[in-house]
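Worksheet for the structure shown next.
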Amino acid sequence: MTKEQLIALLNDMSLEEKVNQMSQVIGGFFDDDTVITGPMAEMGFTEENIELSGSVIGSMGAETVKKIQKSYMEKHPHHIPLLFMLDIINGYKTVFPIPLGQGATFEPELSEKCAAVAAKEASVSGLHVTFAPMTDLVRDARWGRVMESTGEDPYLNGLFCESMVKGFQGENLSDEYKIAACVKHFAGYGAPTAGRDYNTVELSEHTFREFYLPSYKAGIDAGAALVMTSFNTVNGIPATGNKKLMRGILRDEMGFDGVLISDWAAIEETIYHGYCADKEDAAIRAVEAGVDIDMMTGIYCDNLCRLVREGKIPESLVDECCMRILELKNKLGLFENPYKDADEEKEQQLILCKEHRELAREAARKSFVLLKNEEQILPLDKTKKTAFIGPYVNSRNLMGSWSIIGEAKDITTVEETMAVEEAGNNVVCCQGSPMLGAEVILEGFTEENQATYTPEEEAKMLEEALEAAKKADQVVLFIGEDRLQSGEATSNATIQIPQIQQNLLERVAEINENIAVVLFSGRPLDLRDVQVKAKAILEVWMPGTEGARAITDVLYGRYNPTAKLPMSFPYCVGQVPVHYNEYATGRPHVEGKDKDRFRSKYLDIPNAPLYPFGYGLSYTTFTVSEVSLDKDSMKDGESIQAAVTVKNTGTCAGTETIQLYLHDFAASVVRPVKELKDFRKVTLQPEEEARVEFTITEPQLRFLSENHIFESEAGVFEVFIGTDSTTANKAKFTLEKQ
Ligand code: BGC
């Protein structure tokens with residue numbers, strides 16, 4: 001449709017039609033035999049609302065979607081198509097590693113490919129919009145949703161957000177296999193106080209703008225069609241009713257002109273925050289903030305028409321929101337083809353096809369971080385007798401909690417992979433312990449997750465594992481969090497592996513000291529105990545559909561680990577929030593050097609995390625030369641070349657991620673001790689070396705200055721180049737201002 005046609009359509013729509021475009025309902029409402037009673041009526045929905053609503057969440061499958069779309073459009077006065085939306089977070093049916101794992105690849109282009117595959121599978125299943133990427137900056141491992149983020153660094157998050165948006169949307173939303181992306185959760189959702197989900201967010205304007213906002217902006221600049229509001233308050237005002245945030249920052253400053261959707265029932269929650277007096281007030285605040293779609297409450301459809309008629313809000317506000325929704329439908333080409341790519345045959349051909357599975361395997365391998373590898377216990381020596389022990393040996397739950405469409409039946413377990421693909425590798429497999437002990441209570445979870453074993457069964461499992469460990473030369477322990485322990489509403493004050501698995505580790509370690517741990521988790525964990533007992537630790541996150549094959553690829557050295565931590569692994573929970581890009585204090589503490597009492601430090605633990613941002617080992621080793629600069633000062637508009645020589649000093653080929661960090665020595669507002677500004681992957685054969693060059697330009701030196709604008713200031717800068725965020729390999733240069 002042309003813009004004129006859209007305007008004509010809008011002008012021809014009744015107020016009810018326009019308002020109902022702004023509400024989202026679940027597909028179940030469209031079942032022929034659904035009667036609007038009980039909870040749905042309580043939510044404020046009537047039969048008419050369902051018949052006029054603009055979008056649906058949670059219906060998928062070409063056949064289902066086409067059926068709903070057809071009967072809906074036939075009844076709709078203007079035959080406007082519905083939008084079908086869903087959370088397609090790390091894949092549709094082919095499930096990729098969780099976003100935090102994808103962050104560890106330090107390869108945004110790979111995430112672009114994964115998002116494109118997810119879009120392909122979702123689009124043939126009738127979907128038009130995904131609620132992804134989530135780009136909330138995260139610093140607190142207690143928060144269960146860190147698994148949905150790509151980590152603690154604004155620059156890295158921005159790159160991933162941009163790539164994912166591009167992957168989902170492609171060049172043109174109406175193109176085949178493309179779906180609209182929704183950047184979320186705007187804004188600051190990743191900083192809930194004390195790591196408790198949905199909790200208050202208090203961030204200084206400076207921190208908010210400098211660290212938290214940039215990655216949303218990157219997604220918006222990449223053309224994301226939608227943005228989702230966050231549940232939380234931001235400095236006292238719920239984001240969903242926050243006009244300054246949504247109109248001022250998101251639309252005016254960032255230039256976002258797409259559809260703004262509330263998070264699930266977030267408009268209603270402005271009441272429980274103590275911000276809005278009632279539903280009417282909530283509707284007014286949200287629409288005034290420019291929230292176009294009310295996800296899953298009847299607040300808009302129950303209140304907006306009346307509010308317009310009573311003159312409490314101008315109809316132009318409704319027109320504006322409705323127009324943005326119509327525009328999105330138009331961009332997706334739904335007026336011409338309301339079913340878009342929905343196609344039963346293609347669902348059969350494409351979903352979980354070989355190519356998609358191969359990409360899932362590649363992404364998984366590239367997301368595994370080798371945290372420790374003493375005595376080069378990894379890769380495994382096939383000639384040695386090996387015991388694979390732990391609840392993840394035969395688990396199909398490798399997908400992460402947001403993989404709602406992925407099915408366990410499509411997953412091959414580690415044990416099955418060993419039997420089929422690694423037969424003859426001298427391995428016995430046993431479970432050793434349940435995933436979770438009875439002491440872990442997952443309140444409110446409905447899923448059948450805690451298989452119950454009798455004490456006798458548990459004892460037998462352990463006995464069998466200990467027996468296997470005794471006979472083996474080496475043990476690989478497949479342990480970690482249950483997939484339900486991270487994700488939405490899974491904040492944890494204890495960030496260790498479940499006690500029952502800790503016990504398994506301890507008992508095995510008493511018998512066999514050659515232990516490699518394959519660690520599953522959705523968040524950084526406190527690994528002090530694991531680290532002491534294991535010679536190797538391979539963090540595999542929640543690796544997805546092809547997780548097991550990817551793990552054996554790495555265990556047997558067919559793939560040499562390349563990933564780097566996108567989020568610091570704290571020494572213990574008492575350190576969180578912890579992140580590498582912190583500010584210095586007036587009393588910095590140098591570990592092991594300062595003996596002075598009055599320093600910024602803990603008495604009982606170190607300041608440094610156990611494993612820092614950017615860290616990750618390889619089966620080979622690398623050296624990085626001193627940093628050389630082509631000049632030691634630059635002016636605006638000029639650049640400096642910074643270079644190092646990287647050498648593979650080990651015995652096998654490998655890939656290292658060379659990271660460039662900058663530090664502004666003195667500035668009008670204090671600067672982080674280091675900020676990631678660039679990185680480069682380099683693959684080298686043993687003894688091979690390569691020069692890695694970076695170009696430093698003035699925009700990389702900008703920050704939110706005392707003038708409240710992003711600008712650079714003249715002065716001295718340090719440039720660090722190394723293999724993780726603790727590198728001390730540096731040089732200095734000066735920025736001169738005319
Ligand atoms: C989550 C969102 C999600 C939405 C729809 C909410 O509970 O916070 O991230 O997109 O549900 O499923």
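In each ligand, atom 1 is the first atom listed, and ligand 1 is the first ligand listed. Residues take their numbers from the sequence shown, with the count starting at 1.
- Nearest non-hydrogen protein atom to atom 6 (C) of ligand 1 is Asp263 OD1, 2.9 Å.
- Side-chain N/O atoms of Gln24 and Ser55 include a donor and acceptor closer than 3.5 Å.
- Other residues, nucleotides and ligands contribute only 12 or fewer heavy atoms inside 6.0 Å of the CZ atom of Arg196.
- Comment: Glu327 does not engage Lys331 in a salt bridge, judged by the lack of any side-chain N to carboxylate O separation of less than 4.0 angstrom.
- Set against the non-hydrogen atoms of Ile57, the atoms of ligand 1 under 4.0 Å away are 5 (C), 12 (O).
- Proximity to Phe131 (heavy-atom distance under 4.0 Å) selects the following atoms of ligand 1: 10 (O).
- Cation-pi check for Arg285 over Tyr275 is met; the charged atom lies under 6.0 angstrom from the ring centroid and within 45 degrees of its normal.
- If you number the atoms of ligand 1 from 1 as listed, the ones under 4.0 Å from a heavy atom of Lys184 come out as 2 (C), 3 (C), 9 (O), 10 (O).
- At least one N or O atom of Glu488, backbone or side chain, sits closer than 3.5 Å to an N or O atom of ligand 1.
- Inspection of the Ser230 and Asn232 side chains reveals an N or O donor paired with an N or O acceptor under 3.5 Å.
- Near His185, with a cut-off below 4.0 Å to any heavy atom, the atoms of ligand 1 are 2 (C), 8 (O), 9 (O).
- Between Phe131 and Trp402, the distance separating the two ring centers is not shorter than 6.0 angstrom.
- Using a 4.0 Å heavy-atom cutoff, Arg145 is listed among the residues neighbouring ligand 1.
- Remark: distances from the non-hydrogen atoms of Met228 to ligand 1 include one below 4.0 Å.
- Distances shorter than 4.0 angstrom do not occur between any heavy atom of Tyr198 and any atom of ligand 1.
- Residues Gln102 and Thr150 have side chains that never bring a donor and an acceptor to within less than 3.5 angstrom of each other.
- Of all protein heavy atoms, the one closest to atom 5 (C) of ligand 1 is Asp87 OD2, 3.2 Å.
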